[in-house]
Protein chains: 2
Amino acid sequence: MNHPQPGCPHPRSLFHAPTRYALQALVRMPGDGTYRLARNLAAELGLPGPFLAKILQALCHAGLLESLRGPTGGFRLTRAPEHITLREVVLAMEGPEPFEDCLLGHAAVGEDCHCPIRPAWDVLQTLLTRVLAQTSLRDLQAAQSAPNRPEDPDLAVAAPV
Amino acid sequence: MNHPQPGCPHPRSLFHAPTRYALQALVRMPGDGTYRLARNLAAELGLPGPFLAKILQALCHAGLLESLRGPTGGFRLTRAPEHITLREVVLAMEGPEPFEDCLLGHAAVGEDCHCPIRPAWDVLQTLLTRVLAQTSLRDLQAAQSAPNRPEDPDLAVAAPV
DNA sequence: TGTAAAACAGATTTAAATATCCTAAAATAG
DNA sequence: CTATTTTAGGATATTTAAATCTGTTTTACA
């Protein structure tokens, strides 16, 4: 048996569930000025409708979506998908501090800890942030149609294990 | 307001709470053959005693600790701290798949997804795993006494932002 | 022996994340 | 202007992780 009594069943995602849903929803938003229905989108994603609606609302408040009520209404992007980065989406959903400063829980956010993996963690956070900032919704959309994997040159340097 | 209605308050740690507690506890285990009390250790960490006891039990099952009951009893390391890596601890507490394969939730564990940040995420996972495998409990202990930060040469390559 | 101190193991409780429901407000179409 | 369709937003329910509690077993020592 590998799992201890106190919890720890599933592998943990780096982001909260609503953040992942937000990304999946935004990728499927029309690029033209058309409005899309929350209910419609929820069905495609296999998500509970009213729950997705909440997330779309949050994205409206963050300025990434705009909404229209009534018939012919729905949600649409405020900008073209190539001008919305994953970083913006994550910031909107997770807040300005997406992850803990110390992997081991040594220090609160903003504080300083001195464990030896701290500098490595800082570097990883920086790399991840950069990748998120360099990837747009358009890139995600393109990847869905053509399943190729363009390797990131920045990261290729460190790749050989 | 940045936080959406459906959840998302705190910055999320990459590991579950019990995993972080396990690391904090192991670092404070005596290196000689002495047994240490769970209650005692819990007090030092500011953790609920019986909860920490569960975690120590799990570490016993994983073979990282051994226990002795009765008076003069407690817990001790099965190996010298320089021969226990953080990776072993994380595997023991989180299971063989510490994090999701796809950051955006596109694919289940083991499956394949094609989003453009996938290769970057794979690289980051590899780097993190390597750092955890290269860092021992002894390193953590040393860092606590002498708060210096020896930069990891592997990661320094990718550092300049 | 018998008593006290400790880990052990299961059940239970609390809190947080996730998901659902329900009524109101806005916009369109007839 | 009324009925219908949609988002808005608060309240509530469900699920999962985190923490606590209760009693049992083992060990040392008097």
Side-chain angles (χ1 to χ4, degrees), chain A residues 1 3-22 24-25 29 34-43 45-62 64-76 78 93-95 105, chain B residues 1 3-22 24-25 29 34-43 45-62 64-76 78 93-95 105:
Chain A
M1 232 274 260
H3 292 313
Q5 259 66 356
C8 306
H10 311 303
R12 156 164 303 195
S13 170
L14 194 52
F15 301 123
H16 288 89
T19 302
R20 299 196 305 277
Y21 299 155
Q24 295 181 10
M29 279 297 175
T34 323
Y35 287 95
R36 177 156 193 192
L37 290 185
R39 180 161 37 83
N40 180 341
L41 190 53
L45 291 174
L47 284 180
F51 186 45
L52 179 63
K54 290 260 131 121
I55 294 166
L56 297 179
Q57 269 179 51
L59 293 171
C60 282
H61 291 140
L64 296 174
L65 287 180
E66 56 193 10
S67 65
L68 182 65
R69 303 190 195 186
T72 80
F75 296 88
R76 71 176 178 193
T78 55
M93 297 299 294
E94 301 270 338
Chain B
M1 230 274 260
H3 292 313
Q5 259 64 356
C8 306
H10 310 303
R12 156 163 302 194
S13 170
L14 194 51
F15 301 124
H16 288 88
T19 302
R20 299 196 305 276
Y21 298 156
Q24 295 180 11
M29 279 295 177
T34 322
Y35 287 95
R36 176 153 195 195
L37 291 185
R39 180 159 38 81
N40 179 343
L41 189 54
L45 292 174
L47 284 179
F51 186 46
L52 180 64
K54 288 259 134 115
I55 294 167
L56 297 179
Q57 270 178 51
L59 293 171
C60 282
H61 291 141
L64 296 174
L65 287 180
E66 57 193 9
S67 65
L68 182 65
R69 302 191 197 187
T72 78
F75 297 88
R76 71 177 177 192
T78 54
M93 297 298 295
E94 301 271 337

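Predicted model only: the values in this text are computed from it and were never measured. Chain identifiers are assigned alphabetically (A, B, ...) following the order of the sequence lines, protein sequences preceding nucleic acid strands; residue numbering begins at 1 within each chain.
With the nearest nucleotide of DNA chain C identified for both B:A38 and A:R20, B:A38 has the one nearer the 5' end.
If you check every strand for non-hydrogen atoms under 4.0 Å, B:L37 touches sugar and phosphate atoms only. Residue-level contact check: B:A53 touches neither bases nor backbone, having no heavy atom under 4.0 Å from any strand.
To the nearest 0.5 Å, the span separating CG on A:L37 from CG on A:L56 amounts to 11.0 Å.
If you measure from atom CG of A:L65 to atom P of D:dT6, you get 17 Å, rounded to the nearest angstrom. Rounded to whole Å, the distance from CZ on B:R76 to P on C:dA6 is 17 Å. One can place CG of B:L41 at 10 Å from P of C:dA7, the figure rounded to the nearest angstrom. Distance, A:E94 CD to C:dT18 C1': 14 Å, rounded to whole Å. Between the CD atom of A:E66 and the P atom of D:dA8 there is a distance of 11 Å, rounded to whole Å. If you take CD of B:Q24 and P of D:dA18, they are 14 Å apart, rounded to a whole angstrom. Rounding to whole angstrom units, NE2 of residue A:H61 and C1' of D:dT7 are separated by 11 Å. For the pair A:H16 NE2 and D:dT16 P, the interatomic distance rounds to 16 Å; values are reported in whole Å.
Within the structure, every side-chain polar atom (N or O) of B:Y21 is placed at least 4.0 Å from both OP1 and OP2 of D:dA18. Residue A:Q57 places at least one side-chain N or O closer than 4.0 Å to OP1 or OP2 of D:dG9.
Closest non-hydrogen pair, B:L59 versus B:A22, comes out as CD1-CB, 3.9 Å. Between A:R36 and A:M29, the shortest heavy-atom distance links the atoms CB-SD, 4.1 Å. Nearest heavy-atom pair, B:L52 versus B:A25, reported as atom, atom and distance to 0.1 Å: CD1-CB, 4.1 Å.
Between the side chain of B:R20 and the main chain of B:F15, a donor-acceptor pair closer than 3.5 Å is present. Counting only distance, with no hydrogens or angles, the side chain of A:S67 and the backbone of A:F75 share no donor-acceptor pair below 3.5 Å.
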Working for side chain to side chain contact (heavy atoms under 4.5 Å, CB included), residues B:L68 and B:R76: CA-CA 9 Å; B:L68 182 65; B:R76 71 177 177 192; over 6 Å; no
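Counting only heavy atoms from C-beta on, B:F75 has its side chain closest to C:dA7 among C:dA7, D:dT7, C:dT18.
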Classify every nucleotide of nucleotides 20-30 of chain D by which part a protein heavy atom approaches to under 4.0 Å, writing B for the base, S for the sugar-phosphate alone and - for neither, in 5'-to-3' order. BB---BBBSS-
